[in-house]
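Working notes, beginning with the structure itself.
Just so it is clear, the structure is predicted and the values come from calculations on it, not from any experiment. Note on naming: letters A, B, ... go to the chains in the order of the sequence lines (proteins, then strands), and numbering restarts at 1 for each one.
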Amino acid sequence: MNIVVLVKQVPDSTEVKINPETGHLIRAGVPSIINPYDHFALQAALELKAKHDFKVTLVSMGPPQAKSVVQMGLALGADEGILLSDMAFAGSDTWSTAYALAKAIKKIGKVDLILAGMQAIDGDTAQTGPGVAQQLGMPQITFCEHVEVDGRRVIARKQIDGGYEVLEARPPVLLTMIMTKDYTPRYPSFLAVSGSLKKPFHVWSAADVGAEAHYLGLKGSPTQVSKIYPPPQREKAAMFSGSGQEGAEKILELMRREHFLE
Amino acid sequence: MASMDAISRNLMLDSLKEYAKRRIPYDLIRELDEKNEFPAQILKEMYQHDVLGLHLLMVPVEYGGVSGGTFDIYRVCEQLARIDLGIATGVFATFLGTDPLNVGGTAEQKEKWLKRIAGENLLVAYGATEADAGSDLVNLRTRAEHVVKNGKIAGYRLTGNKQWISNGGVADLYTILALAPGGPCWFLVERDMEGFSPNKHEDKHGIRLSNTAGLSLDNVYVPAENLIGMEEGKGLLQAQAVFGYTRVMVAAFGLGAGEEAMEQAIRYSQQRIQGGGPLSDKQGYTHKLIVPNYVRMEGARAYIEYTSQRLDSGEHGLQTEGAIAKYGASEWGNKAADDAIQALGGYGYTKDFPVEKIKRDIKICCIYEGTSEVLEMTIYRGRWQEHLKSRGRYYLDMADRLDQVHAGEPKAGAHAAALGLRALAAVLEECRAQKLTRHQHVTFKLGKLICAAETAAIFSEAAAAKKYSETVRFDREGWQAMARVFAREAALNTALEGLALVLGAAEQAGSLADAVNIEAVQAEQKGMIADMDLVAAKLKQTFKAK
Amino acid sequence: MIEVSNKCIGCTKCVPVCPFAAINMVDRKATMNEACTLCGACVQVCPVQAITITREEASARDFSGFKGVWVYVELTETGDKTHPKKIKPVTFELLGAARKLADELKEEVCAVLLTDKDHNYAKDLGAYGADKVYLVEHDELFEYNTDVFSTVIVGLVNRHKPSSMLYGATIQGRDLAPRVSSTLYVGLTADCTALAIKDGLLLQSRPAFGGNIMADILAPNSRPQMATVRPNVMKMNEPVVGRTAVVVRESAKLDKSLRRVKVLERKIAQDASGVKIETAGVIVSGGRGMKTKEKFRQLEELSKLLGGVVGASRAAVDLGFKDKTHQVGQSGTTVSPKLYLSFGISGAVQHIVGMKASDVIVAVNKDPNAPIFNVAKYGIVGDAHEIVPRLIEALKKK
């Protein structure tokens with residue numbers, strides 16, 4: 001089987017801060033990381049590879065420095081890496097991104113299983129995975145906790161309200177993964193990083209994958225960002241401190257004040 | 001060795017950071033520090049090929065390593081120092097212990113031993129220091145006597161004692177400096193050789209996670225092929241050849257530990273409310289305890305990178321540059337760690353907070369790999385030669401270069417740096433004219449002034465560059481402000497301290513006061529407080545309270 | 001497109017404000033790389049107005065025929081054999097939001113309901129604000145399936161042309177909506193926290209970067225403009241008893257072969273309290289600071305005394321103190337109880353996103369600088385292990 005893993009380089013959103021004076025985002029010094037959900041998807045793919053000797057190809061869309069996440073995947077065991085990089089992609093929303101990724105996957109050829117992280121921690125939309133599946137005409141299973149392959153059957157355990165479902169699909173199929181205890185993402189050893197430089201890595205432009213300009217960038221994106229601004233400042237909490245007894249009494253007092261108790 | 005590409009290097013650093021987060025939490029480090037215990041398991045794990053394989057960084061690819069360059073090693077050392085200086089020292093000792101092989105070994109020796117070190121994950125120790133031979137290896141006492149068989153030297157018997165050897169009690173392989181009939185040389189000694197025994201693990205002030213032990217050698221027999229380079233007498237040369245590079249590693253330690261301490265203080269200061277507001281908003285606090293220290297650390301960083309890049313591009317030696325990097329980073333790092341305790345007040349004084357341990361640990365950076373005093377002397381000697389050779393033009397030419405930089409980018413403090421260099425040139429010339437270098441005190445002080453003045457020059461050049469190194473975590477505005485603050489301080493100190501030094505040693509100072517251009521240096525101080533305010537704001541932004 | 005004119009003085013003020021690190025200085029001039037999303041943050045800071053973003057005019061396509069604010073109706077199991085399914089509360093919240101939008105646009109609110117068996121759902125849908133219900137009743141709609149449901153919805157949209165469509169950002173909604181929007185090549189905005197009309201367009205506001213920034217999104221050339229909204233974000237209107245919705249039956253040709261993903265097994269965890277945290281009025285929540293599973297159990301007792309439900313931070317769930325169905329946060333459930341009482345939760349962004357809509361938040365933590373105090377109404381700096389048992393005692397006495 002041929003597996004494609006979609007990975008994205010994102011800013012560590014927990015570190016992204018707003019400058020309180022200007023209200024703008026401060027990016028300087030914020031490290032770039034592999035999208036944590038994609039890290040789980042990658043681990044799932046590598047475990048399938050270890051079990052069944054499948055081929056794993058990484059695909060990422062981003063500026064040249066995004067090579068880092070592709071190389072990381074190669075260092076962890078993936079076979080081939082592709083970075084889709086082109087100025088034409090600038091301003092692309094999830095639809096255009098899914099379009100470009102779908103084109104790249106079409107160029108790869110026979111792909112049986114696509115694994116992607118459920119969402120990227122910068123955009124938080126969870127739309128790109130389903131968009132890729134739709135544009136490739138394949139079925140999708142989102143919110144996956146675990147994936148297994150049995151012959152020509154892909155078996156996914158999917159989270160649902162209050163529990164889980166076990167689903168089956170025939171390839172080709174796309175799964176988006178959430179982060180659970182089922183997988184423990186790894187970090188490559190020094191030797192593995194060094195060795196990854198020998199693995200095949202390609203940079204593809206929009207033209208290389210036949211992505212048409214009018215479907216890309218701002219022009220091709222159905223959504224536009226009209227404005228960004230800091231979240232509303234909240235009034236700071238009324239603070240109290242105290243021992244066990246004082247704390248308990250304070251809580252009771254507050255609950256009475258707010259009419260939760262008589 | 002040339003350095004790796006930035007992406008590969010940063011992937012390795014990320015793996016190291018993640019490993020430490022997972023396996024070396026602060027609580028564990030604190031416990032080991034209390035117990036004075038070497039974390040053998042951790043070191044073993046870090047060397048495992050499929051975990052990190054840290055030691056492979058300094059082994060060439062052809063022997064199973066990853067061929068790390070100086071820049072890569074600096075970054076890894078900096079990161080290790082942020083985790084724990086004791087663990088960093090344990091790793092560093094393996095690097096150091098392997099150096100005589102790398103530099104002086106024959107092809108066969110490198111093939112055999114580097115492969116073993118890489119493949120078997122050996123912990124190595126560098127055995128040079130003795131009771132009477134610390135900074136000064138000339139007093140070497142450990143002897144290597146010939147063992148002759150059939151008219152040929154079949155091997156050597158080593159007898160002597162080594163002191164304060166990092167990894168002394170735990171290494172698998174030792175490179176021992178001993179005095180053979182033909183002169184000092186390095187021998188490869190394996191732990192289980194008869195007559196060889198490590199002594200007890202020292203009870204130290206800091207870097208308590210680093211195993212430090214003396215070694216006893218009692219007629220230890222080593223075969224002739226364990227003489228590194230197969231030629232007697234090359235030992236000291238081989239040792240010195242790598243100083244440029246090993247000093248950069250310890251400089252990186254000072255940088256990592258110093259900045260880690262500072263960053264703790266910066267985050268704390270935003271949460272600690274006293275006198276109606278957070279400490280991070282108070283100049284009396286930031287402009288004394290935080291800004292000057294962080295600025296000096298970034299200056300140290302610029303100088304470390306400058307030296308690393310030159311070594312990676314194939315230059316050899318650079319012992320003076322290495323000394324400047326190490327002396328600066330370790331002295332400034334120590335001040336930073338000390339001020340970090342002050343910055344955290346009562347909390348900083350308790351073991352719950354990491355800064356007290358960093359302060360204890362970082363002291364070693366001023367002692368090992370060349371004490372600060374020896375390095376002052378080394379720096380002076382190296383540059384004095386240049387001053388004489390160039391007939392006093394060495395620093396004037398450097399100042400001209402900085403003036404050009406200033407013309408292209410006036411906001412990087414290059415003019416102040418140039419003033420400092422010209423003042424230095426004048427001081428050196430006055431010392432030469434009045435033969436003041438017969439006073440050892442003068443020479444050591446000159447070493448100190450040279451370090452600051454040259455670091456200022458390198459820092460300003462780096463801050464003026466179109467593109468910054470991937471390691472700079474500040475924007476252009478912030479880093480340039482730091483360079484300006486550093487350069488002003490360096491210019492002022494060079495001029496005033498240099499002048500005072502000469503006045504203290506000479507009969508009269510001649511026209512030195514004019515030559516150091518005190519007026520211009522004073523005028524250059526304008527804007528200092530505004531720049532310090534700016535730096536304080538940038539530090540606050542980058543290191544937000546968690 | 002984005003352009004930097006010669007007015008650029010190389011001051012680099014734009015570089016650090018870009019959320020996507022898309023700006024570099026090349027020869028002292030700001031230059032954008034392909035990570036640029038044209039969000040305009042840099043335009044706002046440039047002191048010399050050297051940066052311009054030109055957006056294309058809305059195309060000549062005639063959107064006047066697209067009318068109606070649609071709401072996707074999500075059904076959920078009740079466990080009751082006679083009424084096996086009911087409408088999820090988020091649907092009613094969306095109807096409330098849709099009502100406001102439709103009134104401003106002078107359009108209709110239409111609920112879209114796919115089911116195998118109708119149970120007069122239109123009654124409630126009408127009471128909560130729907131003017132019309134598009135009802136598709138078919139055996140193949142007995143359970144959710146991406147391919148089957150998206151096919152039906154796309155068909156309905158093409159036939160009846162709504163101007164906008166809202167879905168709950170539930171597991172089902174986040175699976176269905178992007179599939180539909182991709183097929184139609186229209187804009188979809190996820191997890192909206194606010195919806196409004198601006199110049200006749202749907203203005204969609206949502207958090208990004210884990211909640212560290214807010215973004216306003218428009219989809220000017222999309223019809224329908226689609227958005228998903230998390231449960232407990234929009235307020236439900238009071239149901240107007242007797243307000244009726246017109247039911248429009250739609251047919252669909254659905255073949256079994258459409259169903260490419262098959263369900264092999266379904267397991268719902270037994271929830272002892274029976275009340276889901278999503279709808280609880282009082283939540284007593286614990287985090288890593290509770291230290292052990294045994295200590296965490298005290299919160300069960302406390303929550304029972306207060307008539308509420310136990311919640312848990314992700315850390316607490318990962319440590320095994322409570323199972324995932326009680327997890328509050330970005331990767332758990334979004335809650336908005338009247339009272340949220342937290343113990344030993346530091347307040348990571350991902351947790352706060354899941355509970356900040358609560359009416360009253362009382363947080364207890366040993367660390368005075370815990371970020372949870374930034375969203376709490378009341379903060380108690382103290383030891384949860386000392387406070388909880390005494391609180392339980394005091395409540396028992398009453």
Please determine, among [options], the option with the most heavy-atom pairs under 4.5 Å with chain C.
{"options": "A:G131, A:S85, A:G62, A:A98", "result": "A:S85"}
{"options": "A:R170, A:Q135, A:Q140", "result": "A:Q140"}
{"options": "A:G247, A:G163, A:P222", "result": "A:P222"}
{"options": "A:M255, A:E246, A:M138", "result": "A:M138"}
{"options": "A:M179, A:Q159, A:Q119, A:M239", "result": "A:M239"}
{"options": "A:S241, A:A169, A:A248, A:P139", "result": "A:P139"}

Between [Y] and [X], is there a side-chain heavy-atom distance shorter than 4.5 Å?
{"X": "A:V166", "Y": "C:V263", "value": "no"}
{"X": "C:V364", "Y": "A:I251", "value": "yes"}
{"X": "A:D124", "Y": "C:R206", "value": "yes"}
{"X": "A:Y229", "Y": "C:D216", "value": "yes"}
{"X": "A:D161", "Y": "C:I171", "value": "yes"}

C:L391 CG to A:L252 CG distance, which is reported to the nearest 0.5 Å: 5.0 Å
CD on A:Q134 to CG on C:L184, rounded to 0.5 Å: 8.5 Å
In this structure, are over 12 heavy atoms from other groups packed under 6.0 Å from [X] atom [atom1]?
{"X": "C:K267", "atom1": "NZ", "result": "no"}
{"X": "A:K181", "atom1": "NZ", "result": "yes"}
{"X": "A:H214", "atom1": "NE2", "result": "yes"}

Top contributor to chain A interface from [options] [non-hydrogen pairs under 4.5 Å]:
{"options": "C:T146, C:T333, C:L341", "answer": "C:T146"}
{"options": "C:R390, C:R260, C:K262", "answer": "C:R260"}
{"options": "C:V186, C:V375, C:D147, C:I361", "answer": "C:V375"}
{"options": "C:E386, C:K338, C:R266, C:Q204", "answer": "C:R266"}

Interface moiety of [X] toward chain A, non-hydrogen atoms closer than 4.5 Å:
{"X": "C:P389", "value": "neither"}
{"X": "C:K366", "value": "neither"}
{"X": "C:T228", "value": "neither"}
{"X": "C:D318", "value": "both"}
{"X": "C:I392", "value": "neither"}
{"X": "C:N374", "value": "both"}
{"X": "C:V261", "value": "both"}

Toward chain C, the part of [X] with a non-hydrogen atom under 4.5 Å:
{"X": "A:D93", "result": "neither"}
{"X": "A:I178", "result": "neither"}
{"X": "A:T176", "result": "neither"}
{"X": "A:E258", "result": "side chain"}
{"X": "A:A126", "result": "both"}
{"X": "A:F143", "result": "side chain"}
{"X": "A:A133", "result": "both"}
{"X": "A:Y215", "result": "both"}

side-chain contact (heavy atoms from CB on, under 4.5 Å) evaluation trace for A:T223 with C:T189: CA-CA 8 Å; A:T223 60; C:T189 305; 4.3 Å; yes
Any donor-acceptor N or O pair under 3.5 Å, side chains C:D175, A:T142: yes
